[in-house]
Novice: 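The structure follows.
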Number of protein chains: 2
Amino acid sequence: MGTTKTEHFTDRQNSIATLAKALGHPARIAIIDYLLTVDSCICGDIVNQLPLAQPTVSQHLKELKNAGLIKGNIEGTAICYCIDEASIANVHDFFTNISNQLKIKNKSCC
Amino acid sequence: MGTTKTEHFTDRQNSIATLAKALGHPARIAIIDYLLTVDSCICGDIVNQLPLAQPTVSQHLKELKNAGLIKGNIEGTAICYCIDEASIANVHDFFTNISNQLKIKNKSCC
DNA sequence: TTTATATATTGCAATATTACGATAAATAAT
DNA sequence: ATTATTTATCGTAATATTGCAATATATAAA
């Protein structure tokens, strides 16, 4: 036990859950926030923006990357990270659909 | 260690992360999916829709409720759960903002 | 080649999550 | 009052996550 039973859910459910899970930590939201504020992608100073040690930040970046939310390129000795628009669009669509379905639904709920 | 350092992040970052985290499990995505398909709110059969035992489902429902994504009313011996539109709107707005900012941003990234 | 800089990985301790059997609580039906 | 039904809670085992010090790796600069 302790393991999520992914086999029993649809690919779509699993993939949305994976994206949501990756965003389920304030440090990772802060990273996304930061990536949106910088024009250039050389993001070596994310560590300085966060109240966490470098290995911890590196780990959070890795999780965002594994989930497909950000991509990274080696840029000399620094690394350029940036948001993967497609994955954001994916999650955005998910919530847009829910919002639309809720508008259609019977309002006499709870 | 092992605990998230919430104190060091903004309220907005923490609250988005909380909502995202609650959606970070396929069973909870499946619950949201199901709540969208039923017209009536009497949702006692969520357990039958999921490949999980009743206590596990109850726990997932509790987490969605704690995060504010669903609300529940006692309806006789059954319980009526439904989606909280405001919280969905919250998360939806978050991704809409990101999408908009990405459109504005320099495309020459990574 | 040596040194500095930037990032990743390893290893580990503390805590959280996932899942479920057993059981409780609370109402409905008989 | 007793029994069935529905949902919640407790306890617990297995696993995952969070965070960091120490260390490795890899390129840039001297």
Side-chain angles (χ1 to χ4, degrees), chain A residues 1-9 13-14 17-18 20-31 34-35 38 40-67 70-82 110, chain B residues 1-9 13-14 17-31 34-35 40-67 70-82 110:
Chain A
M1 285 153 225
T3 330
T4 299
K5 290 186 158 184
T6 49
E7 336 73 82
H8 296 112
F9 300 98
Q13 286 165 343
N14 281 313
T18 298
K21 190 175 186 179
L23 291 167
H25 192 291
R28 297 195 288 266
I29 298 292
I31 289 171
Y34 180 68
L35 287 178
V38 287
S40 148
C41 286
I42 291 90
C43 302
D45 41 1
I46 295 176
V47 173
N48 299 320
Q49 303 288 324
L50 295 182
L52 297 169
Q54 180 268 323
T56 309
V57 173
S58 184
Q59 198 173 296
H60 283 305
L61 287 167
K62 192 180 178 184
E63 274 173 73
L64 286 170
K65 200 174 176 185
N66 283 343
I70 63 174
K71 25 186 189 176
N73 272 350
I74 293 166
E75 198 92 4
T77 168
I79 284 200
C80 158
Y81 275 116
C82 43
C110 302
Chain B
M1 285 152 226
T3 330
T4 297
K5 289 188 157 182
T6 50
E7 335 75 80
H8 296 111
F9 300 97
Q13 286 165 343
N14 281 314
T18 299
L19 291 168
K21 190 176 186 179
L23 291 167
H25 192 291
R28 298 196 287 266
I29 298 292
I31 289 172
Y34 179 69
L35 288 178
S40 148
C41 285
I42 291 91
C43 303
D45 40 4
I46 295 177
V47 173
N48 299 320
Q49 303 288 324
L50 295 181
L52 297 168
Q54 180 268 324
T56 309
V57 174
S58 184
Q59 199 173 294
H60 283 305
L61 286 166
K62 193 180 178 184
E63 273 174 71
L64 285 170
K65 200 174 176 185
N66 284 343
I70 63 174
K71 23 186 189 176
N73 273 351
I74 292 166
E75 198 90 2
T77 168
I79 283 200
C80 159
Y81 275 116
C82 43
C110 299

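Residue numbers start from 1 in every chain, and the chains themselves are labelled A, B, ... in the order their sequence lines are given, proteins ahead of strands.
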Novice: How many Å lie between CG on B:Leu61 and P on C:dC20, as a whole number?
Specialist: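 My rounded result for the distance is 14 Å.
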
Novice: Mapping A:Ile79 and A:Gln59 to their closest nucleotides on DNA chain C, which lands nearer the 5' end?
Specialist: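 Nearer the 5' end of the strand: A:Ile79.
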
Novice: If you check every side-chain atom of B:Lys21, which of C:dA16, D:dA16, C:dA19 has the closest atom?
Specialist: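 Ranking C:dA16, D:dA16, C:dA19 by closest atom to the B:Lys21 side chain puts C:dA16 first.
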
Novice: According to a strict under-4.0 Å criterion, is A:Tyr81 in side-chain N/O contact with OP1 or OP2 of C:dA6?
Specialist: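 Result: no.
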
Novice: Expressed as a whole number of angstroms, how long is the span from A:Gln49:CD to C:dT7:C1'?
Specialist: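 Atom-to-atom, A:Gln49 to C:dT7, this comes out as 17 Å.
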
Novice: Looking across every strand, which nucleic acid part, if any, lies under 4.0 Å from B:Gln54 by heavy atom: base, sugar-phosphate, or nothing?
Specialist: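 The residue B:Gln54 makes base contact.
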
Novice: Would you check if there is a donor-acceptor pair between the side chains of A:Asn73 and A:Tyr81 at a distance under 3.5 Å?
Specialist: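 Side chains of A:Tyr81 and A:Asn73: no pair found under 3.5 Å.
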
Novice: If you find the nucleotide of DNA chain C closest to B:Arg28 and the one closest to A:Val47, which residue's nucleotide is nearer the 5' end?
Specialist: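 Nearer the 5' end of the strand: A:Val47.
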
Novice: Compare the minimum distances between each of C:dG21, D:dA8, D:dT15 and the side chain of B:Ala53, then state the nucleotide with the smallest one.
Specialist: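 The closest nucleotide is C:dG21.
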
Novice: Side chain of B:Pro55, heavy atoms from C-beta onward: which of C:dG21, C:dA19, C:dA8 has the nearest atom to it?
Specialist: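 Taking heavy atoms from C-beta onward, the closest nucleotide is C:dG21.
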
Novice: Send over the distance from A:His8 NE2 to C:dT18 P, rounded to a whole Å.
Specialist: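 It works out to 17 Å between those atoms.
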
Novice: Which part of the nucleic acid does B:Lys65 contact within heavy-atom distance under 4.0 Å: base, sugar-phosphate only, or nothing?
Specialist: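 Since no nucleic acid heavy atom lies under 4.0 Å of B:Lys65, the category is nothing.
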
Novice: So which nucleotide from C:dC20, D:dT18, C:dA6 ends up closest to the side chain of A:Ala78?
Specialist: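 So the nucleotide nearest the side chain must be C:dA6.
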
Novice: Side-chain N or O of A:Lys62 less than 4.0 angstrom from OP1 or OP2 on C:dT7?
Specialist: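 No, outside the criterion.
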
Novice: Which whole-number value in Å describes the distance from A:Asn73 CG to D:dT27 C1'?
Specialist: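 Taking CG of A:Asn73 and C1' of D:dT27, I get 16 Å after rounding.
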
Novice: Atom NZ of B:Lys5 and atom P of C:dA16: how far apart are they, to the nearest Å?
Specialist: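 Distance, rounded to whole Å: 15 Å.
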
Novice: Reckon B:Thr4 touches a base, only the sugar-phosphate, or nothing at all at heavy-atom distances under 4.0 Å?
Specialist: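 It contacts sugar-phosphate atoms only.
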
Novice: Figure out the CG/C1' separation between A:Leu50 and C:dA6, and round it to whole Å.
Specialist: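 So the CG-C1' distance, A:Leu50 to C:dA6, works out to 16 Å.
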
Novice: I need the CD1-C1' distance between A:Ile31 and D:dT18, as an integer number of Å.
Specialist: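 That distance rounds to 13 Å.
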
Novice: With the side chain of B:Ser58 defined as its heavy atoms from C-beta on, choose the nearest nucleotide among C:dT18, C:dA8, D:dA8.
Specialist: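 Of all the options, the side chain of B:Ser58 is nearest to D:dA8.
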
Novice: NZ/B:Lys21 to CZ/B:Arg28 distance, rounded to the nearest 0.5 angstrom?
Specialist: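 B:Lys21 NZ to B:Arg28 CZ: 9.0 Å, rounded to 0.5 Å.
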
Novice: Tell me the closest heavy-atom pair linking A:Tyr34 and A:Asp45, and the distance in Å.
Specialist: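 So the minimum-distance heavy-atom pair works out to OH-OD1, 3.1 Å.
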
Novice: At their closest point, which heavy atom of B:Ile46 faces which heavy atom of B:Ile31, and how far apart are they?
Specialist: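 Of all heavy-atom pairs spanning B:Ile46 and B:Ile31, the closest is CG2-CG1, 4.0 Å.
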
Novice: Once you round it to whole Å, what is the distance between P of D:dA8 and CG of B:Leu64?
Specialist: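 The answer, rounded to whole Å, is 12 Å.
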
Novice: OP1, OP2 of D:dC20 versus side-chain N and O of A:Thr56: anything below 4.0 Å?
Specialist: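 Checking D:dC20 against A:Thr56, a side-chain N or O does come within under 4.0 Å of OP1 or OP2.
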
Novice: Measuring from atom CG of A:Leu64 to atom NE2 of A:His25, what distance do you get when rounded to the nearest 0.5 angstrom?
Specialist: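 Going from the CG atom of A:Leu64 to the NE2 atom of A:His25 covers 10.5 Å.
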
Novice: Report the nucleotide, chosen from D:dT9, C:dA19, C:dT5, that has the shortest atom-to-atom distance to any side-chain atom of A:Thr77.
Specialist: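 Nucleotide nearest to A:Thr77's side chain: C:dT5.
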
Novice: Compare the minimum distances between each of D:dA28, C:dT7, C:dA19 and the side chain of B:His60, then state the nucleotide with the smallest one.
Specialist: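 Of all the options, the side chain of B:His60 is nearest to C:dA19.
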
Novice: Which atom pair, heavy atoms only, marks the closest approach of B:Ala17 to A:Pro26?
Specialist: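 It is CB-N, 3.4 Å.
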
